[in-house]
Every structure is written in structure tokens, then in C-alpha cells.
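Working notes for the structure below.
All residue numbers refer to positions in the sequence shown, counting from 1. Since this is a predicted model, take the numbers as computed values, not measurements.
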Amino acid sequence: MPNKHMNPAEIAAQTALDSVYQCLDEKICFRFEAGAGSGKTYALIKAIEYLIKHKASALLKQNQQVVCVTYTNVACDEIKARIDSHPVVHVSTIHAFCWLVIKDFQPYLRRELPNLNDKWPEILKDIGEIGPRTVTYETGFREVGEDFVAIHHDDVLLLIVKLMEYPKFRAILTSRYPILLIDEYQDTDIVIAERLKKNFLDIDSHLLLGFFGDHWQKVYETGCGIIDHPNLQVINQGANFRSAPIIVHCLNRMRIELPQQVVDPQATGFVGIYHTNSWEGDRRIGAHWAGDLPIEIAHKYFDILKNRLVTDGWDFSPDKTKILMLTHRGLAVEQDYSSIIDIFPNNEAYIQKQDSHIAFFADKLEPACTAYQNKRFGEMFLILTAKTTAIRTLDDKTQWAKSMDKLMKLRTEGTVGTIIDHLRKSKFPRLPDEVERKELELKTFQQENGIEEPHSLKRLRQLREISYREIINLTRFINDETPFSTKHGVKGEQYENVLVIFGRGWSRYNFNQFLEWAGSSNGIPSDQLDIFERNRNLFYVTCSRPKKRLALLFTQKLSEKAINTLTLWFGNSTIHPL
């Protein structure tokens, strides 16, 4: 229960928690709607601890468990650690839990798999029937072996959806797991969410469902978003433990159905909204870029605003400020590695280091060069060779020093090809086998008899020609050594200061249109609701990240209607033309 010693946020949070405890006691299914900064994970842990304290003994006697489903292994590990891996609670990802409850139904899996989707008929055509093979799920790749058939992540979800149609399966499920808590419920696969409503909420299924999350923070396409049902009690978490009052007040005006209380009503903060409507030159055109500033002009506006904010006391070091942008191209332009993104067909190749050259540079060479520059030679050898015995003789030491000194010079003056050629010649350090193999393949390829150069070799040839400085800049971004990030990449994170740049670059996002719709008295066009929610959710997620200071820069031209919406949410005094 709340008490007089609590601050406003704590009172609101405790009130919501008491409602959760009541639902758990009375076996009422509920949805715990926790806005940004409200302590959703804390509430989930407290709910689990309440169940452990009051129901663990009875559940264990009946060989039953509480299930907590979340969406990343990192989140699973965090929850397990905070409840000391209590045996009455099973914590896992959605895919792992679904497989746990269906893996023993082998005859059913073998029967359903061939017609599960359009992939399996082709995969199974060479063997005809699955026969006695065991259906397995480990790596998530579809594969047929002598005595097994391995299924994909999507197959697991489709199979449990089909199994949930059977009353006997549902009875077995609820007898083993009578309480199911779902973390980040808004990201639940749509087919799973619909099946839970149909087979458990529509009827008295004896399964207690608790959904924890925030449908305004759904940013992934496959997620179900809000889960509404007459048999679901809604508990709103009306607290914000993250942001200064001036920011929370803006969020409350943006989201009037979920007002939040702050920790310290007297705490100071900052909100500033900056637009570029005064620019009189030609703006960009096309579905992706219509209404945005030319790249070089947008960059100048960013520099102007950044300098102004620095003058006002902002610290733009990576541990203090995060700069959020919509597209990787925008990030590449600002951080000067745009030639790299022109080479690769997808972001994963360089951002997730799927390309072997990029992986070598980001994971090995650049960290080693940093260690060498700081005279941490033991660390350098551990990074490069996994052992510190790389130097056995005086000549080894001389060769290493000579090669590394030249490498440090080439990093700032040469191309990627210059760096690779130097390392191939000096062998201090040696190139990874995969990088060496690709380099040899490129060197020996001869375009004869009409054979076209493979795309992979074309990309490598282009990569070798760019300045290695771009690799340094990209590596700093990948390793989170810069203030920059994508808007999608910060869900669940918080920072002291946040600067969000709202421009174009992706046809799925148009923030001027979103702001017009949000302020319209006519409501959102019914056929545009998904588009509106996609833009709204990303806007809300970015605006709710800061603890003290928030600034929004619109490089996209804003209409009068859009500015009126911003004025309504953030206040007239915060709106500034640059």
C-alpha cells in the first residue's frame, strides 16, 4: 500500500502493483500497461516475487510452474538473476517455451509439418514422408537428416497455434503451467496473441494470463500491439521514474489516457523543438525524401543546433547524449562512412559485421590499434592472437613494432586496400583465413569467356578503394563509441540528453503527416491507422528516452497543422525556427 513517505511516482507505482497482486490472488487475467520510464520490469519482478512468496509451495507440490515469457535471452538472464532462478518459475523466450510444450507431441508434429506452410513440400520432396524421423528445433534452420527434421523459428509458432485448437492440449498446458506472464506483450506474434484470446480468454480455461508491456512502444512489424479483451482487466502504471517533469508533462499531453507522476515535481529539465521551415532553397523530392532538406544543408542545420545546445550546457560525449536518426544513411553521412553503405546490399553486412572484412576490422584490428596506441601491448596481443606469446625473439619484437607503426600511419592516410596489402606482406598481425581467402580469390579472378565478376568480389574491390578512415568511423559507431544511434535501436534505453532528428529517408515514416493526423479533429483515416501507429510509436519511444534534456530537430518541412500539434504537446515557448 502507498504511504506518506513515498514520492508521487512511487505512490502511483504501488497503487498499480496492488492491483496486480489482487488479480493474482483472485485469478483475474490482466494487462499491465506500463508507459516509458515507469518501471515495467521492476513491476514484473515484483509480481513474480509475490507469486513465489504466496504460491510457490502449493505449485511445487502439484509439479506446476509459473511461466514468464520474454523476447531476448538477455532479458531472460536478467529476470532469472533477479529471482535467483527460483524453481517454481520457468523463464524463457517465446520460441523456447513453445518448443518446450510441443516437443513431446512427435506424432502430431510429423503429421502437421508437411503442410504447415509453402516451404516444407519443397524441402521434403526428396524423401517423400518424414517417417520415424524426430522433429527437432535447435538452430532455427530447416534441415532434413537421416533420423531428424529440424524446424524454423516460425514453424514453432505455427505448430503451437495449431495444437492450441485441441482441448486436450490446452488442458495439459494449463495443468503444468497455470500462470503465464508475458513480458513486452505488444511484441507477441499476432497469431499467438489471437490464439491466446480465442482459446483462453474467450472461455474459462483456468489459465491466468498477465500481459506486461506498452502498446505505444511496439516498433516491430510482427508484434500484435495492444491486446484488448472483455475478460482482461487493464492496470495502468501511472509513474515515470526516468524523466524530468517538463518532459513527462509533454508525454502526458501526447498520451492523455496514461498520465504519469514524477519522482521530483521540482526537478529541472529542458525541452526544445527546432524546425527548418525558413529554408528557402529547393527541398528533396521522391517517396522516400519528399520535403526534406538536401543532405549538406541538413548537416549544416544539425551543426548549428548542436553548437547552440553546447552553448546551453549540453555535453555531447557518448555517455551523456544520444543523437537519434531514422536511417543508417543519415547516420553514415553524419559520421563520414557513407561510401561503405553504398557498397553493401543490406545494413546487416556492416552493422552486424556479417562481412568478414568488416568483422576483422571492427572486432580485431581497430581494438588492437587502440591498445597499441595506448601502449597496452599485452591487451593488443590477446585481441589479435588470443595469447601473449606472440613475441619470442628480439627480431619478433622489431617486426611487430615496425609493422604496427606503419599500420598506425596508414590508418589515417591509406585506403582499405593499402591496409590489407600491408598486412598480407608483413604478416604482423596475420589476416584471418576467410579474409585471406577472399583477397586471393579477388587477385586471381580473371574475367574471361564472358564470366561476370561475382557480386562479392565486386564489393570487395570497391571496399578496397575507400579511405580506411571510414572504417575507423564505422567501427566507433558499431562499438557504441559515438553519440549516434537509430531511433529503432534505443527502445528500452535511457540517456541524460537526447537529440532526435526527424527527417525523411524511409517511405514508411512521414512525421509531418503523423503530426497532422494527431492534431486532426476528424480522427485518423481508417485505412491509415497502421501507418499512424507506426509513426506515433517511434515518435513516443524517442521522446521518452531522456532523463534531463530533450531536443527535436525537424529537417522535414512542417505544415502549420503539424506545428500546431507540436505546440499543443510541447508548449509554444519550446518551438524555435532555426
Side-chain angles (χ1 to χ4, degrees), residues 1-21 31-47 212-217 234-274 308-309 311-315 319-322 324 490-500 515 518-519 536-537 539-552 564-576:
M1 293 288 292
N3 62 64
K4 64 181 181 179
H5 301 294
M6 292 179 171
N7 61 54
E10 289 173 334
I11 292 172
Q14 188 59 53
T15 301
L17 262 179
D18 288 342
S19 296
V20 170
Y21 298 156
R31 187 184 85 224
F32 186 82
E33 198 72 24
S38 64
K40 182 264 301 173
T41 302
Y42 174 83
L44 174 62
I45 297 298
K46 296 300 288 185
F212 290 77
D214 181 11
H215 70 280
W216 274 45
Q217 294 190 69
V234 179
I235 303 170
N236 286 329
Q237 166 67 304
N240 189 306
F241 293 95
R242 173 184 297 156
S243 302
I246 189 174
I247 298 172
V248 176
H249 295 334
C250 295
L251 298 176
N252 288 345
R253 289 190 288 268
M254 190 186 306
R255 190 177 185 180
I256 57 176
E257 72 276 14
L258 187 59
Q260 296 180 316
Q261 301 295 322
V262 298
V263 173
D264 180 5
Q266 305 305 316
T268 60
F270 172 86
V271 172
I273 314 300
Y274 304 87
R308 177 184 293 191
L309 295 175
T311 302
D312 291 341
W314 281 50
D315 181 350
D319 61 331
K320 294 291 186 180
T321 296
K322 185 63 71 172
L324 308 182
V490 295
K491 179 175 172 288
E493 300 294 331
Q494 62 182 25
Y495 312 94
E496 183 169 308
N497 314 311
V498 172
L499 166 58
V500 192
L515 291 167
R536 178 201 68 190
N537 292 359
F539 189 86
Y540 176 75
V541 165
T542 57
C543 290
S544 58
R545 296 308 98 193
K547 292 187 281 188
K548 291 187 65 174
R549 302 178 182 89
L550 171 66
L552 311 183
N564 287 341
T565 300
L566 290 172
T567 303
L568 176 67
W569 289 346
F570 297 96
N572 187 62
S573 63
T574 68
I575 312 296
H576 308 284

Going by the angle between their ring planes, with limits at 30° and 60°, are W569 and F539 parallel, tilted or perpendicular?
-> tilted
Hey, are the side chains of [X] and [Y] touching, using non-hydrogen atoms and a 4.5 Å cut-off?
X	Y	result
L515	L566	yes
F570	H249	no
F241	Q260	no
K40	D214	no
Y495	L550	no
D264	N7	no
F32	V20	yes
I235	S19	yes

Hey, does the side chain of [X] reach the backbone of [Y] with a donor-acceptor pair shorter than 3.5 angstrom?
X	Y	answer
T567	N572	no
D315	T321	no
T574	G272	no
Y540	A36	yes
S38	N240	no
Q261	P8	no

Let me confirm one number: the [atom1]-[atom2] distance from [X] to [Y], rounded to the nearest 0.5 Å.
X	Y	atom1	atom2	answer
I273	C543	CD1	SG	6.5 Å
W216	N537	CH2	CG	8.0 Å
R253	L251	CZ	CG	9.5 Å
C250	L552	SG	CG	9.0 Å
F212	T41	CZ	OG1	10.0 Å
D312	F270	CG	CZ	6.0 Å

Any donor-acceptor N or O pair under 3.5 Å, side chains Q494, R242 | yes
Which atom of [X] lies closest to which atom of [Y], heavy atoms considered:
X	Y	answer
I11	M6	CG1-CB, 3.6 Å
A47	Y21	CA-CE2, 4.4 Å
S243	P546	OG-O, 2.7 Å
V498	T542	CG1-O, 4.1 Å
V541	S544	O-OG, 3.1 Å

Taking only Lys NZ, Arg NE, NH1 and NH2, and the carboxylate oxygens of Asp or Glu, determine whether R255 and E33 approach each other closer than 4.0 Å.
-> yes
Would R549 and E496 pass as an ion pair if we require N to O under 4.0 Å?
-> yes
How far apart are the C-alpha atoms of K322 and R545, what are their side-chain angles, what is the distance that settles it, and do they pass the side-chain contact (heavy atoms from CB on, under 4.5 Å) test?
-> CA-CA 9 Å; K322 185 63 71 172; R545 296 308 98 193; over 6 Å; no
Sequence neighbours left out, what passes side-chain hydrogen bond (donor to acceptor under 3.5 Å, both in side chains) with D319? Give chain and number order.
-> S317
Quick check: are there more than 12 heavy atoms from other residues, nucleotides or ligands sitting under 6.0 Å from OH of Y42?
-> no
